[in-house]
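Before any comments, here is the structure.
Keep in mind that this is a model prediction, so the values were computed, not measured. When a ligand or atom number is given, it counts from 1 through the structure's own listing order.
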Amino acid sequence: MVNMQRQRSKIEENVLLAPYTTMKIGGIARYFTRVFSVEEMRDRLKECSDKGLPFFILGKGSNILFDDRGFFGLVLLNKIDHCSFEGDCLRVGAGYSFSLLGAQTARKGLAGLEFASGIPGTVGGAVFMNAGANGNETSDCLLSVDFVTAGGELLHLKKEDLKFSYRYSSFHEMKGAICAVTFSLKGCDLAKKKQRDLISYRKATQPYGEASAGCAFRNPQGVSAGRLIDECGLKDLSVGGACVSLLHGNFILNKGEASSRDVQELVLLIQQRVKERTGLLLEPEIRFISSREDVRVF
Ligand code: EPU
């Protein structure tokens with residue numbers, strides 16, 4: 001007899017979150033599951049909505065700080081990672097590696113996502129944050145996004161339906177999950193060289209491969225937060241196991257035993273010192289995920 005039930009990953013209980021983040025920080029998720037398809041995402045989000053259970057969609061955990069107390073809800077690890085061409089467009093699952101996508105498309109001689117190479121998140125995370133580097137942003141070559149709402153409804157959203165700006169997308173105001181993205185890329189002989197140059201610059205100027213959540217602060221208008229932190233002489237600051245990178249002032253590193261509290265205290269200390277010396281209040285780019293439910297920015 002054919003089993004008509006949809007294939008679903010099992011729900012695990014009490015899973016340590018730290019290994020699922022680039023900062024290697026975070027306590028235990030009460031529930032945890034992997035999601036491999038849009039249908040599974042719809043079912044799981046509907047279930048959370050029916051049960052009143054808080055949820056969090058996790059990609060590569062590269063721009064977030066989980067609480068040491070963990071997360072009292074369901075963490076859904078987005079593993080929707082298909083990638084194929086549909087005519088001139090590239091359709092990619094939100095769980096696909098953004099860095100890999102940048103390298104693969106550039107190698108094929110396609111321009112638009114070269115800057116993604118070296119960005120340690122997923123495609124979904126990059127769209128959510130409108131990730132960028134070297135004057136390029138994810139939204140530049142984006143055409144549309146498939147989004148599952150918290151109620152389990154699938155929406156096909158065109159770029160014109162959405163707002164994007166510096167490290168911001170409309171998804172900050174929406175509850176649900178980005179599941180697939182369509183990009184439009186152009187053929188260009190220089191794409192591969194541009195990607196190689198960008199990755200070299202990144203490796204020379206950023207603590208590539210060390211435990212961090214990328215840039216800790218958004219750049220104030222026209223200024224590099226990293227340069228400000230550097231010029232304020234704060235590269236020797238540390239709290240517990242968290243310290244400022246000597247290579248780039250906007251990176252907070254976990255030197256091994258850092259807690260989420262250490263990172264939060266270091267963020268506050270940097271904000272305070274920069275404010276005293278320059279009058280500017282640095283705004284965190286890292287998103288702090290509180291243990292109880294909603295995402296909150298420090
Ligand atoms: N600088 C210093 N000291 C430092 C860091 C930087 O003097 O400690 C100077 C550099 O020498 C350079 C200038 O500041 O002259 C700008 O530095 P960089 O090129 O590293 O750029 P950024 O503005 O600090 C931004 C993004 C990065 C992105 C790089 C490269 C933000 C918050 N940061 O950094 O994005 O990779 O440009 O394009 O927008 C991220 O968002 O997580 C991120 C890492």
A student checking ligand 1 against Tyr166 at a 4.0 Å heavy-atom cut-off should list atoms 31 (C), 32 (C), 39 (O)
Closest to atom 13 (C) of ligand 1 (heavy atoms only, candidates Ser245, Ser224, Gly214) is Ser224
- Task: Specify whether Phe115 and Phe98 have parallel, tilted or perpendicular ring planes, treating 30° as the upper limit for parallel and 60° as the lower limit for perpendicular.
- Result: perpendicular
Hey, can you tell me if Phe56 and Phe66 have their rings parallel, tilted or perpendicular (30° and 60° cut-offs)? perpendicular
Are any of the N/O atoms in Gly249 less than 3.5 Å from those in ligand 1? yes
Item to check | atom 37 (O) of ligand 1 within contact range, any protein heavy atom under 4.0 Å | outcome: no
Quick look: Glu231 vs ligand 1, heavy-atom contacts under 4.0 Å, and the answer is neither
In terms of side-chain geometry, is the basic nitrogen of Glu283 or Arg167 positioned less than 4.0 Å from the acidic oxygen of its partner?
no
If you scan protein heavy atoms around atom 23 (O) of ligand 1, the nearest is Asn219 ND2, 2.8 Å
Per-atom filter on ligand 1: closer than 4.0 angstrom to a heavy atom of Tyr201 are 18 (P), 19 (O), 20 (O)
Counting from 1 in the order shown, the ligand 1 atoms closer than 4.0 Å to a non-hydrogen atom of Asn250 are 32 (C)
Q. Mind checking whether Val274 and Val263 sit in one hydrophobic cluster, side chains of I, L, V, M, F, W, Y counted as touching below 4.5 Å?
A. yes
When distances are taken from atom 11 (O) of ligand 1, the protein heavy atom at minimum range is Arg227 NH2, 4.9 Å
Asp236 atom CG: more than 12 heavy-atom contacts under 6.0 Å = yes
Exercise. Considering distance alone, does some N or O of Asn134 sit under 3.5 Å from an N or O of ligand 1?
Worked result: yes
One finds that the ligand 1 atoms under 4.0 Å from a non-hydrogen atom of Glu285 are 32 (C), 40 (C), 41 (O), 42 (O)
Any link between Tyr96 and Phe85 through a network of hydrophobic side chains (Ile, Leu, Val, Met, Phe, Trp, Tyr) touching at under 4.5 Å? yes
Looking only at protein heavy atoms, what sits closest to atom 35 (O) of ligand 1 is Arg167 NH2, 3.2 Å
Within the 4.0 Å heavy-atom cut-off, what Ile119 brings close to ligand 1 is neither
Inset, instruction - Establish whether atom 40 (C) of ligand 1 and some protein heavy atom are separated by less than 4.0 angstrom. - result: yes
the protein heavy atom lying closest to atom 21 (O) of ligand 1 turns out to be His248 NE2, 4.3 Å
Ligand 1 to Phe251, heavy atom cutoff 4.0 Å, flagged ligand atoms 44 (C)
Taking only non-hydrogen atoms of Ala133 and a 4.0 Å limit, the atoms of ligand 1 in range are 36 (O), 38 (O)
Checking heavy atoms under 4.0 Å, the part of Asp230 that sits near ligand 1 is side chain
Within-cut-off N or O pair, Cys215 and ligand 1, under 3.5 Å: yes
protein heavy-atom neighbour closest to atom 29 (C) of ligand 1 works out as Gln206 NE2, 3.8 Å
